[in-house]
Amino acid sequence: MKNSKELIVIIDGNSLINRAYYAMQRPMITKDGMYTQGIYGFLNMLEKIKKDYDPDYMVVAFDVKAPTFRHKQYEEYKAGRRKMPPELAMQIPVLKEVLDAMNIGMIEMEGFEADDLIGTISKRAEEQDKRVLIITGDKDALQLAGDNTGVLITRKGISQFDLYDRKAFVEKYGFEPINFIDCKALMGDQSDNIPGVPGIGEKGATKLICQYATIEEIYEKIDEVEPNGTRTKLMDNYSIAFMSKRLATINRNVPIETDFEKYRCVEADYAKLIEIYKRLEFNSFLKRLDIPQEQSKNQELETYKVKVIGRDISEDDFLKEITGKEPVGLRIYSDHSHMKAPELDAFAIFAGNTVFCGHDFSALVKLADRIDETKTYIYGHGIKNEIYDLMHIKDMKFFVSFDTEIAGYVLEPSASDHSLETMAAEELGVSMKQENEGQIGMFEDFEESIEDMASLEFAVINRLMEIQKERLKAEELTEVFEDAELPLIEVMASMEKVGFTLDQSYLKKLGDEFAKREAELTERIYQLAGEEFNIKSPAQLGPILFEKLGLKPAKKTKRGYATGAEVLEKVKDKHEIVPLILEYRKLTKLSGTYVDGLLPMVAEDGRIHAAFNQTVTATGRISSSSPNMQNIPIREEPGRLIRGAFVPANENYVLVGADYSQIELRVLAHMSGDEALIDSFNRGLDIHRATASRVMGIPEDEITSQQRSDAKAVNFGVIYGMSSFGLSSELGITRKDAEKYISDYFEKHIAVKEFMDEQVRYCKEHGYVKTILGRKRHIKEINASAYMVRQLGERLAMNTPIQGSAADIIKLAMIRVYNALRGMKSKLLLQVHDELIIETSRDELDQVKEILRDSMENAMKLAVKLVVDLNTGENWLDLK
DNA sequence: GCGAGCCA
DNA sequence: TGGCTCGC
């Protein structure tokens with residue numbers, strides 16, 4: 001429906017944010033305690049409106065707190081309406097900031113409601129021959145519908161809505177929009193506390209208005225009105241009806257300016273908008289930002305000369321060109337596949353202010369040769385992928401000078417996303433949206449798209465690199481970046497490339513056994529339940545346990561009974577079925593994740609090539625995915641058998657595992673300088689037993705295994721930042737006892753207490769904490785106003801230096817091990833937080849053990865010795 | 001405490 | 001999307 005008239009969209013700001021707020025089931029809250037779901041929902045709606053209607057003008061009307069003329073007429077007006085919760089009220093000023101940054105007009109006026117402003121603007125707009133679209137959650141505005149004025153009423157939250165113009169309104173109600181006020185005068189409105197005529201409801205009112213149109217007309221012809229009851233009610237409430245009408249009538253003559261040019265839609269101020277979105281943690285909006293050319297700082301980005309190898313420059317000349325001392329930028333466009341050798345599409349090299357693009361696989365081989373021979377330093381964004389690809393071409397040593405993804409991570413490890421697109425938008429205000437995004441090589445001119453993309457990517461990477469280098473230096477992060485993170489990239493790529501052989505027939509057999517036991521359990525559970533049902537569904541399991549079998553429900557969730565392991569564990573002895581369900585759960589998890597999940601991940605070479613990610617965790621640890629090799633079961637019997645499926649390449653190899661003994665507690669001893677802790681480690685004591693002995697004042701040889709395990713839980717609590725609440729449920733004691741336990745612990749470890757307090761104090765002052773290598777983690781939660789959030793922040797502040805420093809140490813050790821193994825047959829396969837797994841050639845066994853012990857124990861000099869336990873085995877299960 | 005992955 | 005469970 002094309003229309004030459006200009007369109008003005010008028011939004012009822014209060015109404016819409018209110019709808020948005022209540023439409024969102026879960027609260028959205030930023031790390032520093034700002035509620036955002038109202039704004040979020042509002043902006044989603046706004047985006048949709050812009051997209052669907054492409055308005056020429058836009059204005060958002062707000063209510064002002066001051067009383068309006070309606071309150072003066074009728075004190076009870078809007079009384080009894082539930083007060084806006086402070087979590088929502090605080091969002092309105094921020095919403096206004098966002099709208100301001102978007103350059104969307106706003107209007108509010110003392111003494112008038114948003115409705116009146118909307119009514120007035122729409123009237124003036126109609127007079128100026130514009131089309132109007134009113135967006136609100138309030139049906140009152142329907143009275144404004146006209147031939148050129150649409151009213152869009154949100155419904156069921158904000159995703160659905162009804163759109164009325166005059167015609168649609170008449171069709172639905174049977175009378176003119178303007179008479180909606182007469183209808184309301186009769187039937188009243190609870191939400192606004194408009195009384196209406198008692199005894200006349202929606203049906204009666206509609207019928208009367210269809211017949212008489214206005215209440216004036218009704219009273220004019222009151223004698224005709226039927227039935228008698230209705231007439232009596234009307235006659236008894238004459239003044240109420242007219243007052244109600246006055247209250248319901250939108251004032252369309254508010255004294256406002258009528259120059260709408262200031263409401264004309266123009267581009268947002270993206271710099272401001274980005275700042276606010278970052279503050280509100282609206283990452284999805286950030287990513288979607290479509291920054292126009294003239295505002296995008298793209299223009300500030302350099303554009304480079306592009307040369308296509310084989311077309312603009314010969315391969316030989318290209319290779320000569322990149323043989324300088326300067327580091328070169330490298331991008332490889334490939335699928336980086338972990339299931340087979342990666343499929344290489346193209347590559348781009350940035351050198352001498354020129355982007356060289358190549359599509360020829362043989363050129364890549366020569367490129368690898370050249371980088372290897374001349375020891376050319378490379379840089380890029382997420383260059384692990386490039387290294388991974390090149391490793392398939394050639395076994396070589398890489399010299400990495402910079403990686404913008406890793407730098408972004410070191411600068412802000414808790415950021416959720418370090419992709420080039422996001423960082424370009426956040427740091428440079430540059431949109432990297434490309435016309436042919438995601439369609440490289442499928443449509444359009446393949447050559448041209450690679451060239452454009454590479455050119456833009458290098459412009460962004462180069463610019464980011466400049467900024468990041470400064471920031472790394474200013475924030476004293478160069479040590480962790482250069483000594484740990486950069487050299488680690490090649491190690492990670494290598495672990496991905498090498499992979500871990502999976503004994504598929506072993507695993508299948510194990511899977512069959514799981515399935516057999518699963519079938520037995522299923523049958524028995526059905527028997528005990530007296531019916532067949534889906535055991536995996538908490539919705540079905542809940543009623544069976546807690547209603548049919550009469551077990552006592554301990555907890556409830558939103559929909560039904562909680563059936564988590566913690567709950568079931570408590571009623572384990574109450575019914576035979578419960579332990580079976582627990583076992584069934586574990587078994588299905590095992591077969592789903594570790595049997596059926598693992599088998600399809602075996603690559604063509606019979607090995608599993610997991611991905612290792614260096615930019616995910618907030619503490620500095622690395623993570624693993626596809627599959628996650630860091631959570632393969634170990635604690636319990638059937639699960640740990642999975643480890644038996646991970647085997648060396650062939651009979652010439654064995655596995656060697658090397659794990660740090662109590663690294664986190666040793667780090668704590670070192671960082672806090674706690675004499676008792678240091679002494680225990682130096683004497684080589686069982687640390688949990690020693691802790692129990694100190695805290696309880698009992699000689700070590702009298703510590704029971706229960707006491708030892710309690711102390712172990714406390715030590716864990718210290719490492720993982722557990723709360724007294726967490727500790728109490730872990731130990732099955734009351735919160736009070738847990739608090740007592742913790743305070744006893746601190747009494748005997750005063751330096752640890754002081755260390756913890758200092759971390760919190762430092763974090764409150766600086767907003768971050770640091771690890772041994774100077775790695776930082778910003779913790780916004782530390783200054784949150786909400787108690788729970790602040791508590792969390794304090795635990796993070798205490799716990800991150802310990803976990804993060806341990807992560808630092810292991811990273812240094814990995815780099816040492818990897819470099820020491822260079823040129824040998826033995827390869828580093830995995831890192832599981834405090835242990836390394838090496839596939840070891842039997843003839844290198846002694847040497848590998850020596851390398852591991854030396855590299856790991858001397859990775860860093862601490863106040864306590866770093867102790868490494870070595871194990872050798874024919875499969876991963878053997879390494880215990 | 002942090003992360004990954006499966007299932008409904 | 002959230003509940004659940006695995007690891008450290």
Side-chain angles (χ1 to χ4, degrees), chain A residues 24-26 28 413-414 416 533-542 555-569 581-598 600-601 610-636 638-640 642-643 659-665 667 712-713 715-727 729-730 756 759 769 777 779 781 791-804 806-807 810 830-836 876:
Chain A
M24 205 80 75
Q25 303 90 329
R26 292 183 52 72
M28 280 175 71
S414 351
S416 55
F533 66 103
N534 187 351
I535 309 167
K536 285 172 212 152
S537 157
Q540 292 182 40
L541 180 61
K555 236 170 51 179
K556 284 200 140 195
T557 52
K558 276 173 204 152
R559 295 206 207 303
Y561 306 97
T563 62
E566 217 170 306
V567 179
L568 294 191
E569 204 66 41
I581 287 166
L582 285 167
E583 191 186 348
Y584 176 88
R585 280 248 181 92
K586 284 190 172 152
L587 223 46
T588 48
K589 166 88 178 177
L590 288 176
S591 32
T593 306
Y594 302 109
V595 179
D596 303 338
L598 232 35
M601 300 217 186
F612 292 95
N613 203 316
Q614 208 177 334
T615 63
V616 168
T617 72
T619 53
R621 282 181 167 181
I622 61 177
S623 76
S624 160
S625 57
S626 320
N628 181 351
M629 293 297 288
Q630 296 179 319
N631 72 345
I632 307 291
I634 186 165
R635 277 170 225 213
E636 286 169 315
R640 66 187 305 152
I642 306 273
R643 295 191 170 219
D659 62 295
Y660 277 116
S661 158
Q662 306 295 349
I663 188 162
E664 277 103 347
L665 287 176
V667 164
K712 188 174 172 183
N715 280 332
F716 259 74
V718 172
I719 295 167
Y720 293 133
M722 203 184 272
S723 57
S724 59
F725 181 76
L727 183 65
S729 65
E730 177 80 11
M756 296 296 180
Q759 299 310 307
V769 286
R777 174 182 184 180
I779 301 173
E781 291 91 334
Q791 285 289 104
L792 169 67
E794 291 181 5
R795 292 202 300 275
L796 293 177
M798 296 188 272
N799 149 258
T800 299
I802 305 172
Q803 256 198 60
I810 300 159
L830 289 184
Q831 183 250 51
V832 188
H833 305 310
D834 68 349
E835 69 172 321
L836 302 179
W876 198 1

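Order of the sequence lines sets the chain letters (A, B, ...), proteins ahead of strands, with each chain counted from 1.
- No donor-acceptor distance shorter than 3.5 angstrom exists from the side chain of S625(A) to the backbone of N628(A), with no hydrogens or angles considered.
- Rounded to whole Å, the distance from CD1 on I802(A) to C1' on dC8(C) is 14 Å.
- Between S591(A) atom OG and L598(A) atom CG the span is 12.0 Å, to the nearest 0.5 Å.
- Of all nucleotides listed (dC8(C), dG3(B), dC7(B)), dC8(C) comes nearest to the side chain of R643(A).
- In this model, the phosphate group of dG1(B) is approached by a side-chain N or O of R795(A) to a distance below 4.0 Å at OP1 or OP2.
- A distance-only check finds a donor-acceptor pair linking the side chain of T617(A) to the backbone of R621(A) [under 3.5 Å].
- Summarising the geometry, atom CG belonging to L796(A) is positioned 10.0 Å from atom CD belonging to Q803(A); distances are rounded to the nearest 0.5 Å.
- As rounded to whole Å, 11 Å separates atom P of dC6(C) from atom CD1 of I642(A).
- One atom, CZ of R777(A), and another, P of dG3(B), lie 7 Å apart when rounded to the nearest Å.
- The side chain of A618(A) sits closest to dG3(B) out of dG3(B), dC8(C), dA8(B).
- For the pair Q759(A) CD and dG1(B) C1', the interatomic distance rounds to 15 Å; values are reported in whole Å.
- Among dC8(C), dA4(B), dC6(B), the nucleotide with an atom closest to any side-chain atom of H833(A) is dC8(C).
- dG3(B) atom P lies 17 Å from atom CZ of F612(A), rounded to whole Å.
- S626(A) comes within contact range of the sugar-phosphate backbone alone, with a heavy-atom separation under 4.0 Å but no base atom that close.
- Spacing between atom CG of N628(A) and atom C1' of dT5(C) amounts to 12 Å, rounded to whole angstrom units.
- Looking at the side chain of S623(A), the nearest of the listed nucleotides dC8(C), dC7(B), dG3(B) is dG3(B).
- A sub-4.0 Å separation between OP1 or OP2 of dG7(C) and a side-chain N or O of R635(A) is present.
- Using a 4.0 Å heavy-atom cutoff across all strands shown, K589(A) reaches at least one base atom of the nucleic acid.
- Note on L590(A): nothing from the nucleic acid sits closer than 4.0 angstrom, heavy atoms only.
- Put simply, the side chain of R621(A) and the base of dC8(C) share a donor and an acceptor less than 3.5 Å apart.
- Residue L796(A) places its side chain closer to dC2(B) than to any other of dC8(C), dC2(B), dA8(B).
- dA4(B) atom P lies 13 Å from atom CE of M601(A), rounded to whole Å.
- Nearest to the side-chain atoms of R585(A) among the listed nucleotides dG1(B), dT5(C), dA4(B) stands dT5(C).
- Residue contacts for Q803(A): at a heavy-atom cut-off of 4.0 Å it reaches a base atom on one of the strands shown.
- Rounded to an integer number of Å, the gap from CG of N534(A) to P of dA8(B) is 6 Å.
- When atom types are taken as modelled, the side chain of T800(A) and the backbone of T619(A) share no donor-acceptor pair closer than 3.5 angstrom.
- In this structure, N799(A) reaches neither bases nor backbone, as no heavy-atom distance under 4.0 Å exists between it and the strands shown.
- The residue S624(A) sits close only to the backbone: its heavy atoms come under 4.0 Å of sugar-phosphate atoms, none of a base.
- Interatomic distance, I779(A) CD1 to Q759(A) CD, rounded to the nearest 0.5 Å: 9.5 Å.
- Looking at heavy-atom distances under 4.0 Å, T619(A) makes no contact with the nucleic acid at all.
- For the OP1/OP2 pair of dA4(B) and a distance below 4.0 Å, the side-chain nitrogens and oxygens of S625(A) include no atom meeting the criterion.
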